[in-house]
Amino acid sequence: MGFNSKLSRRGFLTRISAAGSALLLGGCDQLSQSPAFRDILSKAEGVTQRVQRFVLSQKSLAREFSENDLSAHFKANGSLNVDDPTYQAQVPLGFANWRLKIDGLVARPTELSLDELRRLPSRTQITRHDCVEGWSAIGKWKGAQMTPLLQSVGLKPEARYLVFHCADMLAPGARYYESIDLIDAFHPQTILAYDMNDAALSVPHGAPIRLRVERQLGYKHAKYVMRIEAVSSLASIGAGKGGFWEDRGYEWYAGI
Ligand SMILES: Nc1nc2c(c(=O)[nH]1)N[C@H]1C(S)=C(S)[C@@H](COP(=O)(O)O)O[C@H]1N2
Ligand SMILES: [Mo]
């Protein structure tokens, strides 16, 4: 490790301990789950990629399973379709004209087709999905990794959250949306999934893409993602609590 990265690590560690947290390297993962720690982390000025990588390298993966563990039936929940003519027109075309928009606090706002997304670095993972309604299911997900995607659009330093805008309305006038902080955004298991169980993602499960953010509860896994917006605050989006369900009382940090 070079002198500069040692230096930034030191500065970072000093900031953390100045805030009164005991940083035990072995406990880093637990720390990174604590809302207070995450808040310090996201507020620290000039959080560099290098520092982020240091924290993330300490961060454990959600448990992964084998093909034998796949659930015979994976329930679809919440919206099972999108009541929108533009979306409906895309279904028989295999979403050929669909574009994912990435904008907000990014250096290079981008639109990506499904083919382009499929050509990006991908990750495949078999994980358990836990819904707060009391059911779980194990599924296999393949999708574009969030980290290289974010590196290519270039997050601005003010960016603190990613907001996932979805196509569906789960309540009259209320489009589904979700948000995650940059720790979850850069987590290696955070992907924009386009395949489920070795087939193109079906409409009930969120076609053409849905977020997998494996260390969070089911409602964070936004389906029908149309736009990813990098923001510095969640206050002006929806009712300001960071998600459709959060606006209705659920916890924003839904770590498992
Ligand atoms: N766009 C959108 N995303 C969503 C929902 C929804 O209603 N709309 N429901 C959430 C909830 S509560 C769960 S448990 C999962 C369900 O995903 P599944 O349908 O693939 O099981 O999606 C989450 N993401
Ligand atoms: Mo859920």
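If you're wondering where the values come from, they're calculated on a predicted model, not measured in any experiment.
For the pair R210 (side chain) and H205 (backbone), a donor-acceptor distance under 3.5 Å is present. With hydrogens and angles ignored, the 3.5 Å screen pairs a side-chain donor or acceptor of E116 with a backbone N or O of S113. For T147 (side chain) and F186 (main-chain N/O), a donor-acceptor pair under 3.5 Å exists by modelled atom type. Side chain of S71 to main chain of I138: a donor-acceptor pair is present (N/O by atom type, distance under 3.5 Å, no hydrogens or angles). Of the possible polar contacts, none joining the E158 side chain to the V231 backbone as a donor-acceptor pair under 3.5 Å is found. A donor-acceptor distance shorter than 3.5 angstrom exists from the side chain of D84 to the backbone of Y87, with no hydrogens or angles considered. Of the possible donor and acceptor atoms, one in the side chain of Q90 sits under 3.5 Å from a partner among the backbone N and O of W98. Judged by distance alone, with hydrogens and angles left aside, the side-chain atoms of D69 form a donor-acceptor pair with the main-chain N or O of S66 at under 3.5 Å. Here the side chain of D168 pairs no donor or acceptor atom with the backbone of L170 at under 3.5 angstrom.
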Trace of the side chain to side chain contact (heavy atoms under 4.5 Å, CB included) decision for L150 with I102:
CA-CA 9 Å; L150 291 174; I102 306 179; 5.6 Å; no

Pair S60, R215 - check side chain to side chain donor-acceptor pair (under 3.5 Å), show working.
CA-CA 9 Å; S60 69; R215 306 208 322 171; 3.0 Å; yes

Applying side chain to side chain contact (heavy atoms under 4.5 Å, CB included), run through Y253 and I180 and close with a yes or a no.
CA-CA 8 Å; Y253 188 71; I180 60 176; over 6 Å; no

Take S136 and D130, measure what side chain to side chain donor-acceptor pair (under 3.5 Å) needs, and give me the verdict at the end.
CA-CA 4 Å; S136 297; D130 296 308; 2.5 Å; yes

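Using a 4.5 Å heavy-atom cutoff, the side chains of L155 and L105 are not in contact. Contact check for S122 versus I191: no side-chain heavy atoms found under the 4.5 Å cut-off. Residues R175 and H165 fail the side-chain proximity criterion, which asks for heavy atoms closer than 4.5 Å. For the pair I228/V163, no side-chain contact is recorded, criterion being any heavy-atom separation below 4.5 Å from C-beta on. For the pair L149/T110, no side-chain contact is recorded, criterion being any heavy-atom separation below 4.5 Å from C-beta on. Considering only heavy atoms from C-beta on, L112 stays 4.5 Å or farther from R99 through its side chain.
For the salt bridge (Lys or Arg N to Asp or Glu O under 4.0 Å) with D103, the qualifying choice from K156, R227, R108 is R227, the only one to do so. Exactly one of Y194, F74, F65 qualifies for a ring pair (Phe, Tyr, Trp, His ring centres under 6.0 Å) with W141. That residue is F74. With E214 as reference, Q125 is the one residue of Q189, Q125, H187, R63 to meet the side chain to side chain donor-acceptor pair (under 3.5 Å) rule.
Under the ring-ring contact (aromatic ring centres under 6.0 Å, His included) criterion, F244 pairs with Y176, sequence neighbours left out.
Considering all non-hydrogen atoms of both residues, D247 and G242 come closest at OD1-N, 4.0 Å. Nearest heavy-atom pair, G94 versus L114, reported as atom, atom and distance to 0.1 Å: O-CD2, 3.9 Å.
Distance CG/L211 to CG/L162: 9.0 Å, rounded to 0.5 Å. To the nearest 0.5 Å, atoms CG (D198) and CD (E67) are separated by 6.0 Å. Atom CD1 of I126 and atom CG of N197 lie 8.0 Å apart (nearest 0.5 Å). Remark: K142 NZ to L201 CG distance equals 13.5 Å, nearest 0.5 Å. Note that CG of L192 and CD1 of I209 are 4.5 Å apart. Values are rounded to the nearest 0.5 Å.
Following chains of ILVMFWY side-chain contacts shorter than 4.5 Å, one can reach W245 starting from L217, so the two form part of one hydrophobic cluster.
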Enumerate donor-acceptor pairs with a distance under 3.5 Å from any side-chain N or O in residues 219-226 to protein atoms, sequence neighbours excluded.
{"unit_1": "Y219", "atom_1": "OH", "unit_2": "E251", "atom_2": "O", "d": "2.6"}
{"unit_1": "K220", "atom_1": "NZ", "unit_2": "E178", "atom_2": "OE1", "d": "3.0"}
{"unit_1": "K220", "atom_1": "NZ", "unit_2": "S179", "atom_2": "O", "d": "2.9"}
{"unit_1": "K220", "atom_1": "NZ", "unit_2": "E246", "atom_2": "OE2", "d": "3.0"}
{"unit_1": "K220", "atom_1": "NZ", "unit_2": "W252", "atom_2": "O", "d": "2.7"}
{"unit_1": "H221", "atom_1": "ND1", "unit_2": "R212", "atom_2": "NE", "d": "3.4"}
{"unit_1": "H221", "atom_1": "ND1", "unit_2": "R212", "atom_2": "NH1", "d": "3.2"}
{"unit_1": "H221", "atom_1": "ND1", "unit_2": "R212", "atom_2": "NH2", "d": "3.4"}
{"unit_1": "H221", "atom_1": "NE2", "unit_2": "V213", "atom_2": "O", "d": "3.2"}
{"unit_1": "H221", "atom_1": "NE2", "unit_2": "Q216", "atom_2": "O", "d": "2.9"}
{"unit_1": "K223", "atom_1": "NZ", "unit_2": "N77", "atom_2": "O", "d": "2.7"}
{"unit_1": "K223", "atom_1": "NZ", "unit_2": "S79", "atom_2": "O", "d": "2.8"}
{"unit_1": "K223", "atom_1": "NZ", "unit_2": "P204", "atom_2": "O", "d": "2.8"}
{"unit_1": "Y224", "atom_1": "OH", "unit_2": "S79", "atom_2": "O", "d": "3.4"}
{"unit_1": "Y224", "atom_1": "OH", "unit_2": "L80", "atom_2": "O", "d": "3.4"}
{"unit_1": "Y224", "atom_1": "OH", "unit_2": "N81", "atom_2": "N", "d": "3.3"}
{"unit_1": "Y224", "atom_1": "OH", "unit_2": "V203", "atom_2": "O", "d": "2.7"}

Report all side-chain donor-acceptor pairs from residues 232-241 shorter than 3.5 Å, counting only partners two or more places apart or in another chain.
{"unit_1": "S233", "atom_1": "OG", "unit_2": "A235", "atom_2": "N", "d": "3.0"}

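A salt bridge is defined here as a Lys NZ or Arg NE, NH1 or NH2 lying under 4.0 Å from an Asp or Glu carboxylate O, and K140 with D195 fails to meet this definition. Salt bridge R123/E64: present, at least one basic N to carboxylate O contact under 4.0 Å.
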